[in-house]
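The next block holds one structure in the form of structure tokens; read it before the comments.
Just so it is clear: chains get the letters A, B, ... in the order the sequence lines come, proteins before strands, and each one is counted from 1. The model shown is predicted, which means the values in this text are computed figures rather than measured ones.
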Amino acid sequence: MSDKKRLFLIDAYALIFRGYYALIKNPRINSKGMDTSAIMGFMNSFLDVIKRERPDHLAVCFDKGGSDARNEMYEAYKANRDETPNAIRLAIPYIEKILTAMHIPIMVKEGFEADDVIGTLAKKAEKEGYQTFMVTPDKDFAQLVSENIFMYRPVFGGGYETWGIPEVRKKFEVTDPLQVIDFLGMMGDSSDNIPGLPGVGEKTAKKFLAEFGSMEGLLENTDKLKGKMKEKVEANKELGLLSKKLATIMLDVPVEFNAKDFEMSEPDVTEVTKIFEELEFRRLTDNFVKAFSIEAMAAPGTSHQPPSTNKGSNNSLPLGEMSKGQRGQKTISSSAGQGQFSLFGGDSEPSVATEVYSSRKTIETTEHFYQTVQAGIGRKLFLQNLLKQTSVCFDTETTGLNPLTAELVGIAFSWEAGKGFYLPCPDDREETQHLLEQLRPFFEDEKIEKIGQNLKYDIKVLAKYNVVVKGKLFDTMLAHYLINPDMRHNMDVLAETYLNYTPVSITELIGKKGKNQLSMRDIPIEKQTEYAVEDADVTLQLKEHFQNELGEANIQKLFDEIEIPLLRVLADMELEGINLDEAFLKKLSVELDKDILNLEKHIYEAAGEEFNIASPKQLGEILFDKLKLIDKPKKTKTGQYSTAEDVLSYLAKDHKIIRDVLEYRGLAKLKSTYVDALPEQVESSTNRVHTDYMQTVAATGRLSSNNPNLQNIPIRTERGREVRKAFIPRDKDYVLLAADYSQIELRIIAALSEEENMIEAFKNGEDIHSSTAAKVFNISLEEVTREQRSNAKTVNFGIIYGVSAFGLSNQTDLSRSESKELIDTYYKTYPKLRNYMSEQVDFARDNGYVQTVLGRRRYLKDINGRNQVVRGAAERNAVNAPIQGSAADIIKIAMINIHKILSEGSFKTKMLLQVHDELVFDVYKPELEAMKTMIKSEMEKAYIMKVPLDVEIGVGDNWLEAH
DNA sequence: GCGACCTCTTA
DNA sequence: GTAAGAGGTCGCC
């Protein structure tokens, strides 16, 4: 890098938009319901640039009031851009506030776009001998690139690329970056509403530039063109010249480049931290500190003093002193000078940095009394005291995350905020068992309420020691899931959000996961105590917080009668596991391998070379660049060719290679995801597969399953279905029983909407899709064709998801207008269904949430949003969440009741799996008839509505047969 | 080794 | 159009 001074000019809006849309699928929402994606996205990029580049000079440039000049030239200019999303408009003042607090120069010029401001400044700085980096993803800026002016472009997937003259030449196939203007003028830009020349796209524009060098060159030489293109270009000369003007970044904005104004200076750390905390940003504080500490190094004289700390001042407790000694060295308050805090050189420790600047409380700034209880008289007294309590929070510490194999390391207890006890477990398993026998009276006391975060885990761990946790339970994770299902529920987040407290981080304690990660057992007992008791203490405090909120949102009943009892049910199912026929899968794997190799051979032959078929990138290049199977291949959002199923299926009938690729894909997926992966997941200690049900992940109230996911085992295709044969009963005395709710979601929507036409059909036991077809097409049930039924079925499902004519036509052979007609007739047939749907949307608009039959809520923050797309999604959620969620509620009730009957009746039959509308059981053969009746009846009467629920029972020697 | 992206599996 | 989890590739650190 040359020793020239460097200026970074940041295109604020471009980075804000990019940040916002990058997170659109998974927007960051804080506890106040504010969408902070745009702020977060922008700040991440911004701090990243500073951290990477340590610029001497920089400015962030905003637009204000749009470009007067361009609006004058062309009134449609940027007119039909989508309206700025609300979240972005709200973000701007925050971003300005943060930048101001950071003392970052902000450039705005009323009546000019940021492009023009940046362009003008870049050129002026160049004259002063600066190297300028324009930080923007917007390719329009390429026209400004020169020997000393560069584009600094964030790329998807992280990192940046610098575009100098060679890069621009290559990207745009031009000799001079100025030709980028001609390029943009020719092909136009829909997002900026630059019209461009009709019929000219990227390819043609490049061709024209290569031949004529510029827009003017092209327009003077239209006689060299032929056919349609000639006519079009000649007819649009004016438009071409205008487009070029619109695409030209102006270099005469009345702004001055005074180097002094662009110098980096010391930020107001307290203020920045305050704003971040208000927004509930956590990791960003790390990044901020990191980015600016480096700058402190580069510019001696600036130093960053932390806000006043009272660290350690009131720590008179023994444990506090221990930790003070451990941590003192890392904190700035104990270091002599500013150099100490430099993170220069790469050995940075972000978590430490956060601590220094955060005003959040930590174990070091909070008075606490955490005590280690060793064997002997102390423990005896502790146990006596423990049994006197009515409500106790506990937390187990183990050697790992798998409760089947993890060993207890210690147990923490707390029943008063700020206080708690830790009982370390001996390394020896038998001695630990002995300790647990002493604790058994506590755990099995029905009268003592047990509080915890993710109690399912602790209950499973203790079950392995034959200890049953009895009595009332309060799980803070479940409570928060009901309070706000769209947020995350891990304890660190909850503590920071609700208690303004940062708990000791587990990674700080045992290291990042991977080769060097320690086990809790390797940590000194004093440290274990701090960490474990803090968890119990924090959880106890969270409980106080959440208890009130449950009442306020009317979800107490749902919590007490569904989620809490279900936790025990799930723990039992997970501990039970399911038997897997490994030999069968092994055989299947060999067969698949043979077929895959064969397909590979055919594909390589057709392609004329060997390549990685599993790489969408390589596959796309072979199919569309080399074999040119199609003129205009569809691209993904990252600019790769799309090789997705629907794209390829469309081509399949004409090309054998495509059919082979699709089959290859199917088989490879099957093999890697299921046939080969499942045997790996067999738990050696039980010889069974134990999935982990997540009770707080799905925003609608459904469960999810992982390690392995047993809720997506193939069934649709013949080859895939084979995998189900590998799920088998415990032994020859057992069979598998599968019980499925038939059309539960449609029944729910029929019942909730009180749509008589549909209710009657269900009551009469009609095939609902045929019945719908008969009504919609106005024919008798007997006259319904397969195609009509199939279309009716698609609409029925579509309704549940909030269908559009567009979506429907994509899924059927129907055209867009036929789809629209079908939907219209459908609504006429079932008028109350439509009413119900709009009622849900209205309810959400008025209340901000929708709810299920049991009152489970889902908050829809975008329901009154201005952005069409985002609001549309919220409206579909308003329709779908109560349906999907009510179905989830109902099967949960059934599971709880069935589990109760099975355990109280000491049946040998066990419930093993839940797949949203299906339950799978390992049934002891002598109990089979009783089970069939009991399960069907319990599931059907779990929740009584105006539509009867119907359950289909299947029995077999494997999961497939049971269907 | 980690994360983004793409693709594919289920209800 | 709703709700999930997982595997392979590829670029980044």
Side-chain angles (χ1 to χ4, degrees), chain A residues 22 25-26 52 155-161 346 485 512-517 611-620 635-648 661-662 665-674 676-678 680-681 691-694 697-717 720-721 723-724 740-741 743-745 749 794-795 797-811 819 823 837 858 869 872-885 887-888 891 913-918:
Chain A
K25 277 267 172 186
N26 185 18
R52 283 164 185 265
V155 287
F156 282 100
Y160 294 83
E161 55 189 25
K512 286 212 197 306
K513 71 173 172 188
K515 50 184 167 47
N516 294 324
Q517 191 179 37
F611 64 101
N612 186 346
I613 308 168
S615 163
K617 185 166 173 282
Q618 294 183 33
L619 178 65
K635 297 214 173 166
T636 66
K637 56 173 180 285
T638 47
Q640 308 283 336
Y641 295 121
S642 169
T643 63
E645 219 268 343
D646 56 332
V647 178
L648 295 192
V661 165
L662 285 171
R665 279 240 187 106
L667 299 187
K669 168 84 179 172
L670 205 58
K671 186 167 184 295
S672 66
T673 310
Y674 303 104
D676 290 346
L678 282 171
E680 298 287 315
Q681 307 260 11
T691 186
D692 191 3
Y693 287 106
M694 302 277 125
V697 170
T700 51
R702 275 189 178 185
L703 299 177
S704 82
S705 149
N706 62 24
N707 294 308
N709 182 353
L710 295 185
Q711 292 182 321
N712 72 348
I713 303 300
I715 191 160
R716 292 197 226 267
T717 67
R721 211 173 289 152
V723 176
R724 295 205 168 212
D740 273 73
Y741 277 113
Q743 309 295 355
I744 186 166
E745 295 190 344
I749 200 170
T794 312
V795 189
F797 278 113
I799 290 299
I800 296 169
Y801 300 144
V803 77
S804 68
F806 176 75
L808 184 63
S809 65
N810 273 350
Q811 290 249 323
S819 298
I823 292 171
M837 293 167 72
R858 178 158 190 200
V869 181
E875 287 169 359
R876 287 192 294 277
N877 275 319
V879 174
N880 175 261
I883 308 299
Q884 194 183 111
I891 197 168
L913 304 177
Q914 189 252 42
V915 192
H916 309 307
D917 64 359
E918 171 187 5

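For the atom pair CD1 (A/I744) and CD1 (A/I891), the distance works out to 7.0 Å, reported to the nearest 0.5 Å.
Residue A/L710 contributes atom CG, which lies 12 Å from atom C1' of C/dA6 at whole-angstrom precision. Atom CG of A/L667 and atom C1' of B/dT9 are 14 Å apart (whole Å). For the pair A/Q743 CD and B/dA11 P, the interatomic distance rounds to 12 Å; values are reported in whole Å. As rounded to whole Å, 15 Å separates atom P of B/dT9 from atom CG of A/L678. In this structure, CG of A/L670 is placed 13 Å from P of B/dC8, rounded to the nearest angstrom. Residue A/Q914 contributes atom CD, which lies 12 Å from atom C1' of B/dT10 at whole-angstrom precision. If you take CG of A/N612 and P of B/dC5, they are 20 Å apart, rounded to a whole angstrom. Taking atom CE of A/M837 as the reference point, atom C1' of C/dG1 lies 10 Å away to the nearest angstrom.
Taking 4.0 angstrom as the limit, A/R716 places none of its side-chain polar atoms (N or O) nearer than this to OP1 or OP2 of B/dT9. Here A/S615 does not reach the OP1 or OP2 of C/dG8: none of its side-chain N or O atoms lies under 4.0 Å away.
Of all nucleotides listed (B/dT10, B/dT7, B/dC8), B/dT7 comes nearest to the side chain of A/T643. For A/S672, counting side-chain heavy atoms from C-beta on, the closest listed nucleotide (C/dG8, C/dG1, B/dT10) is C/dG8. Of the candidates B/dT7, C/dG7, B/dA11, C/dG7 carries the atom nearest the A/A677 side chain, counting heavy atoms from C-beta on.
Shown here are the side-chain contact (heavy atoms from CB on, under 4.5 Å) partners of A/S672, two or more places apart in sequence or in another chain: there are none. Here A/Y641 pairs with A/F624 under the ring-ring contact (aromatic ring centres under 6.0 Å, His included) rule; sequence neighbours left out. Take A/F797 and apply the ring-ring contact (aromatic ring centres under 6.0 Å, His included) test, not counting sequence neighbours, and it matches A/H769. Every residue meeting the side chain to side chain donor-acceptor pair (under 3.5 Å) condition with A/D692, not counting sequence neighbours, appears here in chain and number order: A/K456.
As judged by a 4.0 angstrom heavy-atom cut-off over every strand, A/T794 is placed among the base-contacting residues. Using a 4.0 Å heavy-atom distance criterion, A/I713 is classed as a sugar-phosphate-only contact. Counting non-hydrogen atoms under 4.0 angstrom, A/I883 reaches nothing in the nucleic acid. The residue A/E745 sits apart from the nucleic acid: no heavy atom pair falls under 4.0 Å. Using a 4.0 Å heavy-atom cutoff across all strands shown, A/E918 reaches no nucleic acid atom at all. Note on A/V803: a base of the nucleic acid sits closer than 4.0 angstrom, heavy atoms only. Looking at heavy-atom distances under 4.0 Å, A/R665 makes contact with sugar-phosphate atoms alone, never a base.
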Any N/O pairs under 3.5 Å between the protein and nucleotides 3-5 of chain C? List them or say none.
{"unit_1": "C/dA3", "atom_1": "OP1", "unit_2": "A/R858", "atom_2": "NH1", "d": "3.1"}
{"unit_1": "C/dA3", "atom_1": "OP1", "unit_2": "A/R858", "atom_2": "NH2", "d": "3.3"}
{"unit_1": "C/dA3", "atom_1": "OP1", "unit_2": "A/N877", "atom_2": "OD1", "d": "2.8"}
{"unit_1": "C/dA3", "atom_1": "O4'", "unit_2": "A/Q884", "atom_2": "OE1", "d": "3.1"}
{"unit_1": "C/dA3", "atom_1": "O4'", "unit_2": "A/Q884", "atom_2": "NE2", "d": "3.0"}
{"unit_1": "C/dA4", "atom_1": "OP1", "unit_2": "A/A699", "atom_2": "N", "d": "2.9"}
{"unit_1": "C/dG5", "atom_1": "OP1", "unit_2": "A/S704", "atom_2": "OG", "d": "2.8"}
{"unit_1": "C/dG5", "atom_1": "O4'", "unit_2": "A/N709", "atom_2": "ND2", "d": "2.8"}

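Screening A/H916, A/M694, A/Q914 for a side chain to side chain contact (heavy atoms under 4.5 Å, CB included) with A/L703, the sole residue that qualifies is A/Q914.
Between A/V723 and A/L678 the shortest side-chain heavy-atom distance falls below 4.5 Å.
Identified under the salt bridge (Lys or Arg N to Asp or Glu O under 4.0 Å) test for residues 872-881 of chain A, with sequence neighbours left out: A/R845-A/E875, A/R871-A/E875.
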